[in-house]
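Beneath this line is the structure, given in C-alpha cells, with notes to follow.
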Amino acid sequence: MCGRTSCHLPRDALTRACAYRDRQGQPRLPEWRDPDRYRPSYNKSPQSDSPVLLSRLHFEKGADSSERIIAPMRWGLVPSWFKEDDPSKLQFNTSNCRSDTIMEKRSFKVPLGKGRRCVVLADGFYEWQRCQNTSHRQPYFIYFPQIKTEKVSAAALTSSSIGAASSPEDWEKVWDNWRLLTMAGIFDCWEPPQGGDCLYSYTIITVDSCKGLNDIHHRMPAILDGEEAVSKWLDFGEVSTREALKLIQTSENITFHPVSTVVNNSRNNTPECLAPVGLEVKKEPKASGSSQKMLQWLATKSPKKEDPKTPQKAEPDVPQWSSQFLRKSPFPNKRGGAGCLERWLKQEKEEEPVAKRPHNQ
C-alpha cells in the first residue's frame, strides 16, 4: 500500500520538475489549477491535498489531451455517486486501489471508464517494515534512483529564461534536480448534494511489490517510469483504458533508505522525516549468496567510495544507511541514493523557504 508521501518542493520548483513536451514536440510547463491550495510538505497523509498531473481536456472542452495541468486534490477518492453531505462519512478506505480489483469496484471502475486518470507527484513515499518478535516498525523512504547532475545557475532557472528556452540544451537545464516519483492514480469529482464547490479527489493504484521492496511491504504504488509512460497514462483522448492499464505493473527501478520514526506522526513536517539514519545490526548476516553480493556492493558502490590507501574518515554529517538491514538483499542500485538526497536536502534548506504545514491533517 501507500499511506504517506513527501512533496515538499515550492510551487515554482515543482512546476519546473514537471516540464514536458506536447504532441507537437514543443517544450511546455504544466499550468496550475487552484494553485493556492498547494501546501508543500515532507509528510503528507490521506485526507490532505497533494499535487497531481492530469490532462487539460478534463477542464477545457476541445483542448489537446496531451497538454497538462497540475491540480491539488484530496488524497482519498470520494466517488461522484456518494450521496452523503460530508465526504468524511465515506465508510471505506479509498486512499489506495488494488490493480487486480480495479475493474470490480464501482468507486474505481466508473471514473476509470471516464478516462479520469492522473499522475500523483511526490519526492517519494514512506513504508514501514514490521520487525520480527517486536512491536517496532521501521520506516523507510522510497524513491527513484537519482542521477548526479551539474548545478544550473540561478539565472537559468528564472521564469523568464524558462519561457525563452528554445534550444534542446537550454530546455534540458530547466530542471536538473531531484527526480519526482510519478505514481499512477485515478481521480473523481464529487458534488455536494446541497450544492457547493466540487471536490476533486484521487486514489493511488497499487501492485505487488518488486523483489527489492518485498521485505518491507508486499504492496507498492504503480510507478510510471519515464516520460512515455506518463504521457500514455494521462492522454485519455488518444490512449484507451485497455492500453493504459498495460502500464500498471511492478517496477524494479526504485531505491530506499531507513528514516527516523519522527515520520510516524503526520503532524511532523520537517526534512528530518526523509533524512537517512543508521540502523544497528546486532548479528552479522549469514554468508549466503545474496548477503555476500550485498556486502560486496556496499564495499564498492557506497555513496562515497574511499581510496583503499587512504585511512577512512568519519563523516558525522552524512548518516550511514544500507539496505543490508533487510532480511533479504534488495536489487542493488548503481545510481546515487542517500548521498544525493543529503546534498539535495542541504541545498533545499539553504535556498528554499521552509515548507508550510499541510492542511487537513
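One-based numbering along the sequence shown.
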**Message:** So, taking the atom named CD1 in I70 and the one named CE in M73, what distance separates them when rounded to the nearest 0.5 Å?
**Reply:** 11.5 Å
**Message:** Taking the ring of W178 and the ring of Y143, is the distance between their centroids below 6.0 Å?
**Reply:** yes
**Main-chain N/O of F144 paired to Q146 side chain as donor or acceptor, under 3.5 Å** = yes
**Request:** State which residues pass ring pair (Phe, Tyr, Trp, His ring centres under 6.0 Å) with W32; sequence neighbours excluded, sorted by chain then number.
**Result:** Y38
**Request:** Taking all non-hydrogen atoms of both residues into account, name the closest pair between Q138 and V259 and its distance.
**Result:** NE2-O, 2.9 Å
**Asked** Are side-chain heavy atoms of S41 and S48 found at a separation under 4.5 Å?
**Response** no
**Exam field: side chain E252 to backbone K211, donor-acceptor pair closer than 3.5 Å** = yes
**Request:** Calculate, to the nearest 0.5 Å, the distance between atoms CG and CD1 belonging to L181 and I254 respectively.
**Result:** 5.0 Å
Would you give me the side-chain donor-acceptor pairs under 3.5 Å for residues 100-115, sequence neighbours excluded?
residue	atom	partner	partner atom	Å
D100	OD1	R98	NE	3.1
D100	OD2	R98	NH2	3.0

**Asked** Between H257 (side chain) and L274 (backbone), is there a donor-acceptor pair under 3.5 Å?
**Response** yes
**Request:** Indicate the atoms forming the closest heavy-atom contact of K44 with D49, along with that distance.
**Result:** NZ-O, 2.8 Å
**Message:** Applying side chain to side chain donor-acceptor pair (under 3.5 Å), can you list everything that pairs with N265, at least two apart in sequence or on another chain?
**Reply:** none
**Path from W81 to L90 over hydrophobic side-chain contacts below 4.5 Å** = yes
**Working for salt bridge (charged side-chain N to carboxylate O under 4.0 Å, His left out), residues D36 and R11** = CA-CA 9 Å; D36 293 338; R11 194 169 68 206; 3.7 Å; yes
**Sequence-distant partners of Q26, side chain to side chain donor-acceptor pair (under 3.5 Å), two or more places apart** = none
**ring-ring contact (aromatic ring centres under 6.0 Å, His included) pairs, two or more places apart, involving residues 220-240** = H58-F236
**Fill in**
Sequence neighbours excluded, the answer for side chain to side chain donor-acceptor pair (under 3.5 Å) partners of S66 is D64
**Message:** Closer than 4.0 angstrom, basic N to acidic O: yes or no for R23 and D235?
**Reply:** yes
**Asked** Among L245, L54, T241, which one satisfies side-chain contact (heavy atoms from CB on, under 4.5 Å) with R117?
**Response** T241
**Prompt:** Would you call I216 and S209 a side-chain contact if the rule is heavy atoms closer than 4.5 Å?
**Reply:** no
**Request:** Linking directly or through intermediates, with side-chain heavy atoms under 4.5 Å: list the remaining ILVMFWY members grouped with V239, chain and number order.
**Result:** none
**Message:** Are R74 and L199 packed together at the side-chain level, in the sense that at least one heavy-atom pair is separated by less than 4.5 angstrom?
**Reply:** yes
**Message:** Nearest 0.5 Å, please: how far is OG in S99 from CG in L247?
**Reply:** 12.5 Å
**Prompt:** What about L57 and Y20, same hydrophobic cluster or not, with Ile/Leu/Val/Met/Phe/Trp/Tyr joined at side-chain heavy-atom distances under 4.5 Å?
**Reply:** no
**Request:** Give the C-alpha distance, both sets of side-chain angles, the deciding distance and a yes or no for side chain to side chain contact (heavy atoms under 4.5 Å, CB included) between L121 and V119.
**Result:** CA-CA 6 Å; L121 303 171; V119 173; 4.3 Å; yes
**Complete:** When rounded to the nearest 0.5 Å, the distance separating CZ of R267 from CG of N269 is 12.5 Å
Using a 3.5 Å cut-off and no angle test, enumerate the donor-acceptor pairs between side-chain atoms of residues 222-231 and protein atoms at least two apart in sequence or in another chain.
residue	atom	partner	partner atom	Å
D225	OD1	R179	NH1	3.4
D225	OD1	R179	NH2	2.8
D225	OD2	N253	ND2	2.9
E227	OE2	R68	NH1	3.4
E227	OE2	R68	NH2	2.5
E227	OE2	S231	OG	3.0
E228	OE2	K232	NZ	3.3
S231	OG	R68	NH2	2.8
S231	OG	E227	O	3.0

**side chain to side chain donor-acceptor pair (under 3.5 Å) involving S6 - partner list, sequence neighbours excluded** = D123
**Asked** Closest approach of S266 and N43, non-hydrogen atoms and distance?
**Response** CA-ND2, 3.6 Å
**Prompt:** Going by atom types alone, do Y140 and H217 pair a side-chain donor with an acceptor below 3.5 Å?
**Reply:** no
**Message:** Just so I know, are the side chains of P221 and I205 near enough to count as touching, which here means a heavy-atom distance under 4.5 Å?
**Reply:** no
**Message:** I'd like to know if the side chain of D22 reaches the main chain of G25, judged simply by a donor and an acceptor atom lying under 3.5 Å from each other, with no hydrogens or angles considered.
**Reply:** yes
**Asked** Can you tell if the side chain of V52 reaches within under 4.5 Å of the side chain of Y200, non-hydrogen atoms only?
**Response** no
**Asked** Do T250 and D208 have side-chain N/O donor and acceptor atoms under 3.5 Å apart?
**Response** no
**Prompt:** Which heavy atom in M220 sits nearest to a heavy atom in C210, and how many Å separate them?
**Reply:** SD-N, 3.3 Å
**Request:** Keeping to residues at least two apart or across chains, list the salt bridge (Lys or Arg N to Asp or Glu O under 4.0 Å) pairs with something in residues 270-279.
**Result:** none
**Request:** Work out which heavy atom in L9 is nearest to a heavy atom in A17; give both atom names and the distance.
**Result:** CD1-CB, 4.4 Å
**Message:** For R4 and S45: C-alpha separation, side-chain torsions, deciding distance, then whether side chain to side chain donor-acceptor pair (under 3.5 Å) applies.
**Reply:** CA-CA 5 Å; R4 205 76 66 79; S45 59; 5.0 Å; no
**Message:** Count I, L, V, M, F, W, Y as connected when their side-chain heavy atoms are under 4.5 Å apart, and connections chain through other members. Are F125 and V262 then in the same cluster?
**Reply:** no
**Asked** Parallel, tilted or perpendicular: which fits the ring planes of F141 and Y126, with parallel below 30° and perpendicular above 60°?
**Response** tilted
**Request:** Rounded to the nearest 0.5 Å, what's the gap from CD on E31 to CD1 on I69? Could you check?
**Result:** 5.5 Å
**Asked** How far does OG1 of T5 sit from CD1 of I204, to the nearest 0.5 angstrom?
**Response** 6.5 Å
**Prompt:** Which atom pair, heavy atoms only, marks the closest approach of N96 to T203?
**Reply:** C-OG1, 3.1 Å
**Message:** Using the salt bridge (Lys or Arg N to Asp or Glu O under 4.0 Å) criterion, which residues pair with E238? Sequence neighbours excluded.
**Reply:** none
Taking only distance into account, with no hydrogens and no angle test, what donor-acceptor pairs under 3.5 Å do side-chain atoms of residues 186-197 form with protein atoms, sequence neighbours excluded?
residue	atom	partner	partner atom	Å
D188	OD1	R116	NH1	2.4
D188	OD2	S80	N	3.1
W190	NE1	F82	O	2.9

**Prompt:** Is a donor on one side and an acceptor on the other found under 3.5 Å between the side chain of T206 and the backbone of R219?
**Reply:** no
